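Everything below concerns the one structure shown next.
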Amino acid sequence: NTWAGPYGLHLPADPAVPYLSRIDDVLWWTLLPDEIDPETHTVFVQNNRTDVLSASRLAELGAALREPDVARVILDLRHNFGG
């Protein structure tokens with residue numbers, strides 16, 4: 001990826017910016033509080049690479065998505081270039 005410059009195809013990691021904080025992780029997620037309805041949450045899921053994931057990791061994500069207070073899901077694929 002030398003043609004893409006010093007950062008390759010990604011912006012540099014930045015722990016202060018959520019979508020740039022864990023770009024080296026294959027898959028991660030976090031619960032975000034809803035400012036309008038404090039009884040619900042949004043699950044922010046970032047899939048950064050197309051890679052083989054363990055069944056237990058996918059089960060963890062499935063459990064997080066099935067929580068009764070989850071009202072919406074954000075799936076962020078901006079760092080995933082396929083595979």
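The structure displayed is predicted, hence computed values, not measured ones.
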Heavy-atom side-chain proximity of Val45 to Leu61 below 4.5 angstrom: yes

Side-chain heavy-atom pair Leu27, Leu53 within 4.5 angstrom cut-off: yes

Any residue meeting salt bridge (charged side-chain N to carboxylate O under 4.0 Å, His left out) with Asp34, in chain and number order, not counting sequence neighbours: Arg72

Residues forming a salt bridge (charged side-chain N to carboxylate O under 4.0 Å, His left out) with Glu60, sequence neighbours excluded: Arg57

Contacts of Asp37 that satisfy salt bridge (charged side-chain N to carboxylate O under 4.0 Å, His left out) - sequence neighbours left out: none

Same apolar cluster (I L V M F W Y, side chains within < 4.5 Å links), Leu75/Val26: yes

Contacts of type salt bridge (charged side-chain N to carboxylate O under 4.0 Å, His left out), residue Asp25, not counting sequence neighbours: Arg22

Path from Trp29 to Ile74 over hydrophobic side-chain contacts below 4.5 Å: no

Smallest separation among heavy atoms of Arg49 and Asn47, with atom names: O-ND2, 3.4 Å

Contacts of Val52 that satisfy side-chain contact (heavy atoms from CB on, under 4.5 Å) - sequence neighbours left out: none

Donor-acceptor pair between Asn48 and Asn80 side chains, under 3.5 angstrom: no

Same apolar cluster: Phe44 and Leu77, side chain cutoff 4.5 Å: no

Contacts of type side-chain contact (heavy atoms from CB on, under 4.5 Å), residue Leu31, not counting sequence neighbours: His41, Val43, Val70

Geometric class of the Tyr19/His79 ring pair [parallel <30°, tilted 30-60°, perpendicular >60°]: parallel

